[in-house]
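See structure below.
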Amino acid sequence: MAYGVLSMKPTVLVTGGSRGIGLATARLFAASGYPTVINYNLSAEPALRTAREINAAGGMAIAVRADVSRPDDVAAMFDAAREQLGNVGILINNAAIAGQGLFTDTGYDEWKRTFAVNVDGMYLCCKAALPYMLREHCGCIVNLSSMWGQVGASCEVLYSATKAAVIGLTKALAQEVGPSGIRVNCVAPGVIDTGMNSHLSPDDLRELAECTPLMRLGSSDEVARTIFFLASDDASFITGQVICPNGGYVV
Ligand code: NAP
């Protein structure tokens with residue numbers, strides 16, 4: 001594998017790296033010596049600040065704005081990654097949006113936007129990353145699904161549908177590119193304490209924690225460590241799998 005420009009480790013690109021699980025994941029890879037591309041869309045400040053902090057501490061990181069649902073943005077992001085840190089050898093498809101409400105109250109635009117970010121974004125990033133990985137006969141993709149993609153959630157039908165699509169994409173792509181030395185896996189977290197759940201009341205969050213056998217919400221760092229494991233050589237015989245840091249909520 002041709003590594004990052006200045007590092008012996010492959011370049012990692014984390015979509016939605018500005019907040020929550022993506023931010024924790026980008027920090028973990030960077031702290032472990034991986035040249036790290038922190039993608040953001042709207043939250044420029046935390047992404048740029050994190051890249052600055054990583055570089056000041058002797059690591060290698062850039063923050064790149066791209067709306068993952070836009071083909072031109074994704075192409076420009078991969079160009080920036082290649083020029084500044086080297087071709088992307090590890091892709092973490094983490095960016096997503098969620099919404100709550102009765103299915104009958106949702107609009108078609110909301111359906112299309114949720115699929116555009118959560119599924120089209122993943123498609124576009126995989127398409128952009130794979131030519132290099134196929135050429136090198138090496139690479140790793142980790143896609144973020146959700147336990148709601150496995151079992152479905154009332155009042156989150158759109159989100160659940162996109163996260164089920166992520167599992168299908170992961171399993172099929174893993175079979176297709178496995179012979180080319182590329183691993184594709186999926187992480188399906190339970191309820192994690194991030195901004196994605198900030199609309200929930202303290203009572204709702206307490207109830208979700210009580211429904212979790214480990215009796216608490218998960219942290220971004222716990223999910224980041226699962227993602228890191230799947231991208232590491234410790235997971236060298238794991239592909240096409242759905243790994244569930246969910247505290248036992250779905251077993
Ligand atoms: P979060 O705190 O809401 O952060 C979402 C991230 O996605 C942000 O960095 C945001 O970037 C980015 N993003 C949104 N739209 C984007 C777009 N069009 N282009 C590029 N980036 C975009 O979410 P999270 O809780 O960390 O979730 C991360 C992943 O884990 C998601 O795939 C989510 O579905 C999954 N997950 C989360 C939970 C949970 O309980 N939190 C549970 C299961 C699965 P900007 O702010 O820069 O726009």
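Order of listing sets the numbers, starting from 1, for every ligand and every atom in it.
- For ligand 1, the polar-atom distance check finds no N/O of Pro189 at less than 3.5 Å from any of the ligand's N/O atoms.
- Atoms of ligand 1 lying under 4.0 Å from any heavy atom of Asn197, numbered from 1 in the order shown and given with element: 39 (C), 40 (O), 41 (N).
- Heavy-atom distances between Ser145 and ligand 1 reach below 4.0 Å in at least one pair.
- Taking every heavy atom of both residues into account, Cys126 and Asn93 meet most closely at SG-ND2, 3.5 Å.
- Geometrically, ligand 1 and Arg19 share a nitrogen or oxygen pair separated by less than 3.5 Å.
- Each of the following atoms of ligand 1 lies closer than 4.0 Å to a heavy atom of Gly20: 2 (O), 26 (O).
- For atom 48 (O) of ligand 1, the nearest protein heavy atom (residue, atom name, distance) is Leu42 N, 2.9 Å.
- Transitive grouping of hydrophobic side chains (ILVMFWY, heavy atoms separated by less than 4.5 Å) brings Ile182 and Tyr123 into a common cluster.
- Here the shortest heavy-atom pairing between Arg183 and Ser236 reads CD-O, 3.5 Å.
- Close N/O approach between Ile97 and ligand 1 is not found [any backbone or side-chain N/O within under 3.5 Å].
- When the side chains of ILVMFWY residues are joined at heavy-atom separations under 4.5 Å, either directly or via intervening members, Leu91 and Met60 end up in a single hydrophobic cluster.
- Look at Ser220 and you'll find every heavy atom at least 4.0 Å from all atoms of ligand 1.
- In plain terms, the two heavy atoms of Val166 and Ser145 that are nearest each other are CG1-CB, 3.9 Å.
- The distance from ligand 1 to the heavy atoms of Arg113 drops below 4.0 Å at these ligand atoms: 18 (N).
- Salt-bridge annotation for Arg216 and Glu222: present, with a side-chain N of the basic residue lying under 4.0 Å from a carboxylate O of the acidic one.
- Close approach of ligand 1 to Val191 (heavy-atom distance below 4.0 Å) involves ligand atoms 40 (O).
- For atom 24 (P) of ligand 1, the closest non-hydrogen atom of the protein is Thr194 OG1, 3.6 Å.
- The distance from ligand 1 to the heavy atoms of Gly190 drops below 4.0 Å at these ligand atoms: 38 (C), 40 (O), 42 (C), 43 (C).
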Note to self: Test side-chain contact (heavy atoms from CB on, under 4.5 Å) on Leu28 and Ile227; report intermediate values, then the result.
What the structure shows: CA-CA 10 Å; Leu28 180 56; Ile227 294 168; over 6 Å; no
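- Counting only heavy atoms of the protein, atom 13 (N) of ligand 1 lies nearest to Ala95 CB, 3.9 Å.
- Under 4.0 angstrom from ligand 1, there are no non-hydrogen atoms of Asp193.
- When the side chains of ILVMFWY residues are joined at heavy-atom separations under 4.5 Å, either directly or via intervening members, Leu208 and Val223 end up in two distinct hydrophobic clusters.
- Looking at Ser146 next to ligand 1, no N or O pair under 3.5 Å apart turns up.
- Neither the backbone nor the side chain of Ala98 comes within 4.0 Å of ligand 1, counting heavy atoms alone.
- The SG atom of Cys186 sits 6.0 Å away from atom CG of Asn143, with the distance rounded to the nearest 0.5 Å.
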Notebook entry, point to check: Taking it one step at a time, do Gln84 and Val64 satisfy side-chain contact (heavy atoms from CB on, under 4.5 Å)?
Noted result: CA-CA 11 Å; Gln84 295 179 58; Val64 182; 5.6 Å; no
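- Connection of Met77 to Val88 is established within a shared hydrophobic cluster, with ILVMFWY side chains joined at heavy-atom distances below 4.5 Å, either directly or through further cluster members.
- Between Val74 and Leu124, the closest heavy-atom pair is CG1-O, 3.8 Å.
- Where the criterion is an N or O separation shorter than 3.5 Å, residue side chain and backbone included, Ile21 meets it with respect to ligand 1.
- For ligand 1, the atoms sitting less than 4.0 Å from at least one non-hydrogen atom of Asp67 are 17 (C), 18 (N), 19 (N), numbered in the order shown with element in parentheses.
- Contacts with ligand 1 closer than 4.0 Å are made by backbone heavy atoms (N, CA, C, O) of Ala66 only, the side chain lying farther away.
- Of the heavy atoms in Tyr159, only side-chain atoms (C-beta onward) come closer than 4.0 Å to ligand 1.
- Pairing each heavy atom of Ala95 with each of Gly16, the nearest pair is CB-N, 3.7 Å.
- By the 4.5 Å heavy-atom criterion applied to side chains, Val14 and Ile38 are not counted as neighbours.
- With hydrogens and angles ignored, the 3.5 Å screen pairs a side-chain donor or acceptor of Ser160 with a backbone N or O of Ala153.
- Between Trp111 and Phe103, the gap from one ring centroid to the other reaches at least 6.0 Å.
- On a distance-only criterion, Val117 and ligand 1 share no N/O pair closer than 3.5 Å.
- Near Ser43, the atoms of ligand 1 lying under 4.0 angstrom from a non-hydrogen atom of the residue are 45 (P), 46 (O), 47 (O), 48 (O).
- Remark: ligand 1 atoms within the under-4.0 Å shell around heavy atoms of Ala96 are 5 (C), 7 (O), 14 (C), 31 (C), 32 (O), 34 (O).
- Ligand 1 has no N or O atom lying under 3.5 Å from any N or O atom of Met147, backbone or side chain.
- Summary of contacts: the protein heavy atom closest to atom 9 (O) of ligand 1 is Ser18 OG, 2.8 Å.
- For Lys163, the heavy-atom gap to ligand 1 drops under 4.0 angstrom.
- Residues Glu156 and Ser146 form no side-chain contact, since every pair of their non-hydrogen atoms from C-beta on lies 4.5 Å or further apart.
- Counting heavy atoms under 4.0 Å from ligand 1, residue Asn118 does not touch it at all.
- Proximity of Thr15 to ligand 1 is not established, as no heavy-atom distance is less than 4.0 Å.
- Atom 19 (N) of ligand 1 has its closest protein heavy atom at Val68 N, 3.0 Å.
- To the nearest 0.5 Å, atom CZ of residue Phe29 and atom CD1 of residue Ile90 are 5.0 Å apart.
- Protein heavy atom at the shortest distance from atom 12 (C) of ligand 1 is Gly16 CA, 3.5 Å.
- Salt-bridge formation is not detected for the pair Asp234/Arg225: no Lys NZ or Arg NE/NH1/NH2 atom is positioned less than 4.0 Å from an Asp or Glu carboxylate oxygen.
- Of all the heavy atoms of Arg65, none lies under 4.0 Å from any atom of ligand 1, so neither backbone nor side chain is involved.
- Taking a 4.0 Å cut-off on heavy atoms, Glu45 fails to register as neighbouring ligand 1.
- Under 4.0 Å from ligand 1, the heavy atoms of Asn39 that appear belong solely to its side chain.
- In terms of protein heavy-atom proximity, atom 31 (C) of ligand 1 is closest to Asn94 O, 3.1 Å.
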